[in-house]
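Worksheet: the structure to be examined is printed underneath.
In this chain, residues are counted from 1 in sequence order.
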Amino acid sequence: MDIATINTLAYEEFVNFFDNVVEKCPLIAAAVWPKRPFKDLIAFEEAISEFIDSLPDSGKEGLLRCFRFLAGREFQNGTLSRQSDEEQKAAGMDTMNSTEVAHMARLNEEYQQRFGFPFVMCSRMNNKVSIFNQLLVSCQNERTVERARAIKEVKRIYHLRLQRLVLND
């Protein structure tokens, strides 16, 4: 779909089409719909970024809670969104052995307990080794540092998702 077509979508069509650009958070699409018309994809992305950046810390953490554990139960059960499933498989999360799955589960739980939101990383730009390594480092971060790191990852995720929806439709 091109940007001109995106600019003509009715509210419901727009929200339905972009409902999972940020994981399970159609509120993002709803929030940026009134910002149309977008000059180009960059302007669309900037509108999303501005909305996220304007959220208070509690809102940013709420947004992060929309994400699921990397290689978590939903991934193992095949119940993730299509996009998340494809992204995690591209990172090799589906090639983990049972020891790696158990280790990832422990780290995910430790992270969740420490920060109150799941670990977020753009799996399409990483592999299982780099994800494990970042998760280990992130478990030691301060909350403000980790929230900012996770929001940067959210932006990488929606950047890639938008490119697939807008440029390759």
Salt bridge check, Glu61 against Arg65: does any charged N sit closer than 4.0 Å to a carboxylate O? yes
Taking all heavy atoms of Cys139 and all of Phe115, pick out the closest pair and write down the distance. CA-CE1, 4.3 Å
Kindly give the heavy-atom pair with the smallest separation between Pro118 and Gln112, and that separation in Å. N-OE1, 3.2 Å
Ala4 backbone acceptor or donor facing Asp2 side chain under 3.5 Å: yes
When you group the ILVMFWY residues by side-chain heavy-atom contacts below 4.5 Å and let the links chain together, are Leu165 and Tyr11 in the same group? yes
Side-chain contact, heavy-atom cut-off 4.5 Å: Leu160 with Gln83? no
Tell me whether Lys35 is salt-bridged to Glu50, with the criterion being a basic N under 4.0 Å from an acidic carboxylate O. no
In this structure, are over 12 heavy atoms from other groups packed under 6.0 Å from Ile42 atom CD1? no
Donor-acceptor contact below 3.5 Å, side chain Glu13 vs main chain Ala10: yes
Of all heavy-atom pairs between Lys89 and Asp94, which one has the smallest distance, and what is that distance? O-OD1, 3.5 Å
Passes side-chain contact (heavy atoms from CB on, under 4.5 Å), Asn141 versus Ser138? Steps please. CA-CA 5 Å; Asn141 281 341; Ser138 290; 4.0 Å; yes
With the side chain counted from C-beta on, respond yes when Leu70 and Lys128 share a heavy-atom pair under 4.5 Å apart, and no when they do not. no
Please say which of Cys25, Ser81, Pro26 ends up in a side-chain contact (heavy atoms from CB on, under 4.5 Å) with Asp19. Pro26
Compare every heavy atom of Asn97 with every heavy atom of Thr99, then report the nearest pair and how far apart it is. N-OD1, 3.0 Å
Hey, could you give me the CG/CG distance between Asn16 and Leu9, rounded to the nearest 0.5 Å? 10.0 Å
Do you know the tightest heavy-atom contact between Val21 and Ile157? O-CG2, 4.5 Å
Walk me through whether Leu63 and Ile151 qualify under side-chain contact (heavy atoms from CB on, under 4.5 Å). CA-CA 9 Å; Leu63 174 67; Ile151 290 295; 4.2 Å; yes
Check whether the ring centres of Phe119 and Phe132 lie less than 6.0 Å apart, and answer yes or no. no
Exam field: side chain Glu153 to backbone Val120, donor-acceptor pair closer than 3.5 Å: no
Does the side chain of Phe14 reach to within under 4.5 Å of the side chain of Val32, using non-hydrogen atoms? yes
4.5 Å side-chain heavy-atom contact, Tyr111 and Glu109: no
Would the distance check show the side chain of Arg124 and the main-chain N or O of Glu87 forming a donor-acceptor pair, the cut-off being under 3.5 Å? no
Working for side-chain contact (heavy atoms from CB on, under 4.5 Å), residues Leu162 and Ile48: CA-CA 11 Å; Leu162 280 174; Ile48 295 172; 3.7 Å; yes
What heavy-atom pair brings Met121 and Asn126 nearest, and what distance separates the two atoms? CE-OD1, 3.2 Å
Taking Gln88 for its side chain and Ala71 for its backbone only, find out whether a donor-acceptor pair lies under 3.5 Å. yes
Taking the six-membered ring for Trp and the full ring for Phe, Tyr or His, determine whether the centres of Phe117 and Phe67 are under 6.0 Å apart. no
Short side-chain to backbone donor-acceptor contact, Glu23 and Arg68, under 3.5 Å: no
Atom CZ of residue position Arg73 - does it have more than 12 heavy atoms of other residues, nucleotides or ligands inside 6.0 Å? no
Can you list the residues that meet the salt bridge (charged side-chain N to carboxylate O under 4.0 Å, His left out) rule with Arg149, with sequence neighbours excluded? Glu146
Between atom CG of Asn20 and atom OH of Tyr158, what is the distance when rounded to the nearest 0.5 Å? 14.5 Å
Is there a side-chain contact between Arg156 and Arg161 in this structure, where contact means two heavy atoms from C-beta onward sitting under 4.5 Å apart? no
So does Phe38 get a backbone contact from the side chain of Asn7, meaning a donor-acceptor N/O pair under 3.5 Å? yes
